[in-house]
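Indexing begins at 1, ligand by ligand and atom by atom, following the structure's order.
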Amino acid sequence: MVKVTICGAAGGIGQPLSLLMKQSNDIDHLSLFDIANAKGVASDISHINTHSKVTGHNGPQEVKEALENSDIVLVSAGVPRKPGMERDDLFKVNAGIVRDICTSIATYSPNALVCIISNPVNATVVVASEVFKKYGVYNPRKIFGVNTLDLIRSSSFLAELIHADPASIEVPVIGGHNGTTIIPIFSQVESAKKLSEEEIAQITKRVQYAGDEVLKAKEGKGTATLAMAHAGARFALKLVDAVANNVTHTECSYISLLADPEGSKEMERIYGQIGYFAVPIELGKEGIKRIIPIKNISTVEFTMLHHAVIELKASIAQGVQFSEDQQ
Ligand code: NAD
Ligand code: LMR
């Protein structure tokens with residue numbers, strides 16, 4: 001029995017994400033949770049003739065039945081940016097939402113693999129981790145900040161530039177999920193080697209601010225939802241395959257480096273104690289198996305990483321402080 005729960009299922013990301021997860025025949029129970037309207041989404045999606053049973057649950061009074069016995073929980077609950085806002089401006093509201101949902105996960109599904117989509121990911125993953133610590137069920141190998149949208153954007157934008165098939169290009173993206181903390185490592189991609197330094201700089205900047213591109217195009221009606229749903233499903237379906245079929249996958253994710261202290265030693269030797277970082281990882285049914293080292297990054301990437309670490313440390317401190325203030 002594989003149970004996947006989506007929190008925020010009636011939202012802009014939640015609905016297409018639920019639809020994409022319904023395509024998987026490895027999921028037995030797809031549980032959709034939101035403060036309202038999850039039952040309607042569930043009723044609609046349940047008519048799709050794939051394997052999983054779909055249930056909808058509205059509000060705190062139904063959170064227990066939504067979450068209990070979940071193997072994987074996807075959290076896209078929260079407020080998206082409006083024009084003129086930075087992701088950090090969402091922290092005040094979304095930290096509280098992520099705290100409440102993670103409290104329920106820690107209570108009703110403490111062994112689940114938990115994927116945090118709600119922004120600002122660089123800090124909400126920390127808030128989530130602190131909740132699990134508080135409830136004595138913290139396992140750093142099971143909490144993921146989803147930065148897969150940065151990976152698919154890197155593939156698409158590079159493919160556009162070099163006239164290649166985007167599906168054939170994989171770009172590791174490390175650091176975090178906000179502005180200059182988003183660092184696509186184009187030096188690892190064979191087909192990017194023909195690009196000039198200036199072209200690499202331009203495409204890196206486009207990936208870093210791609211969220212703004214969508215925000216602007218949607219003219220005040222939200223941020224990325226559809227590509228995000230695809231990205232979230234790509235990440236989550238790897239976890240589903242790991243849980244259902246014991247298959248090992250690789251992907252990047254913003255994680256606690258405690259998940260693999262040995263694998264993060266070299267990184268922390270160079271950059272100091274960071275705490276959380278987006279890195280390539282190997283995934284299994286128990287979560288993170290190990291961090292995959294990236295070798296021979298370019299000097300420019302190295303410098304970007306140094307700057308990213310400073311911003312990340314501030315976001316991590318914000319997440320920890322928020323949690324301490326709750327005590
Ligand atoms: P949305 O407003 O369309 O949907 C959010 C949903 O969350 C709503 O249905 C709302 O009712 C629900 N919700 C709010 N509080 C809740 C709670 N306590 N419990 C359960 N559900 C709750 O927003 P969206 O466009 O789907 O974006 C959601 C979040 O994802 C935002 O924070 C956004 O910034 C973030 N996001 C992250 C990435 C990424 O790459 N990680 C990409 C895009 C968006
Ligand atoms: C994105 O990268 O599109 C998301 O983080 C949403 C946003 O606020 O830009």
Side-chain angles (χ1 to χ4, degrees), residues 5-19 31-42 56-63 66-67 73-105 115-125 127-128 144-154 156-157 173 175-182 184 206-218 220-236 252-254 278:
T5 300
I6 301 180
C7 298
I13 295 167
Q15 292 201 35
L17 179 58
S18 303
L19 174 65
S31 168
L32 307 185
F33 175 72
D34 206 301
I35 44 178
N37 304 325
K39 287 183 199 288
V41 177
H57 315 269
N58 288 338
Q61 63 286 358
E62 296 185 9
V63 72
L67 280 169
V73 183
L74 312 178
V75 182
S76 64
V79 179
R81 284 196 288 162
K82 293 251 182 292
M85 288 173 90
E86 299 294 328
R87 291 187 187 84
D88 285 346
D89 298 327
L90 303 172
F91 180 78
K92 235 179 163 173
V93 176
N94 287 352
I97 293 173
V98 168
R99 174 204 57 210
D100 292 349
I101 289 175
C102 287
T103 300
S104 298
I105 301 172
C115 304
I116 306 290
I117 294 169
S118 318
N119 270 319
V121 167
N122 292 355
T124 50
V125 170
V127 171
F144 308 92
V146 181
N147 75 332
T148 323
L149 182 55
D150 302 323
L151 279 84
I152 66 170
R153 283 170 170 162
S154 301
S156 298
F157 300 166
V173 182
H177 177 67
N178 189 37
T180 52
T181 68
I182 300 171
R206 187 173 175 207
V207 173
Q208 291 175 332
Y209 295 97
D212 293 348
E213 219 176 270
V214 181
L215 175 65
K216 194 164 167 236
K218 289 196 173 179
K221 295 192 181 67
T223 50
T225 53
L226 302 173
M228 180 58 235
H230 168 85
R234 162 171 146 169
F235 187 79
C252 290
S253 179
Y254 181 72

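Using a 4.0 Å cut-off between a side-chain N of Lys or Arg and a carboxylate O of Asp or Glu, E62 and K39 qualify as a salt bridge. Using a cutoff of 4.0 Å between basic side-chain nitrogens and carboxylate oxygens, K82 and D89 are not scored as salt-bridged.
Within 4.0 Å of ligand 1, the residues that place a heavy atom are G8, A10, G11, G12, I13, F33, D34, I35, S76, A77, G78, V79, P80, L90, N94, I97, I101, I117, S118, N119, V121, V146, L149, H177, A224, T225, M228, listed by chain and number. Listed by chain and residue number, the protein contacts of ligand 2 are R81, R87, N119, L149, R153, H177, G211, T223, A224 (heavy atom within 4.0 angstrom).
Atom CG of N37 is surrounded by 12 or fewer heavy atoms from other residues, nucleotides or ligands within 6.0 Å.
Side-chain atoms of T124 never come within 3.5 Å of backbone atoms of A95 as a donor-acceptor pair (strictly under, hydrogens ignored). Under the 3.5 Å distance criterion, the side-chain polar atoms of N94 are left unmatched by any main-chain donor or acceptor of S118.
No side-chain donor from either of H177 and N122 sits under 3.5 Å from a side-chain acceptor of the other.
Note: Y254 and F144 fail the aromatic proximity criterion, with ring centroids not under 6.0 Å apart.
Looking only at side-chain heavy atoms (C-beta outward), V63 and H57 stay at 4.5 Å or farther from each other.
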Next item on the list: Run the numbers on L17 and L74 for side-chain contact (heavy atoms from CB on, under 4.5 Å), then give the verdict.
Entry: CA-CA 9 Å; L17 179 58; L74 312 178; 3.9 Å; yes
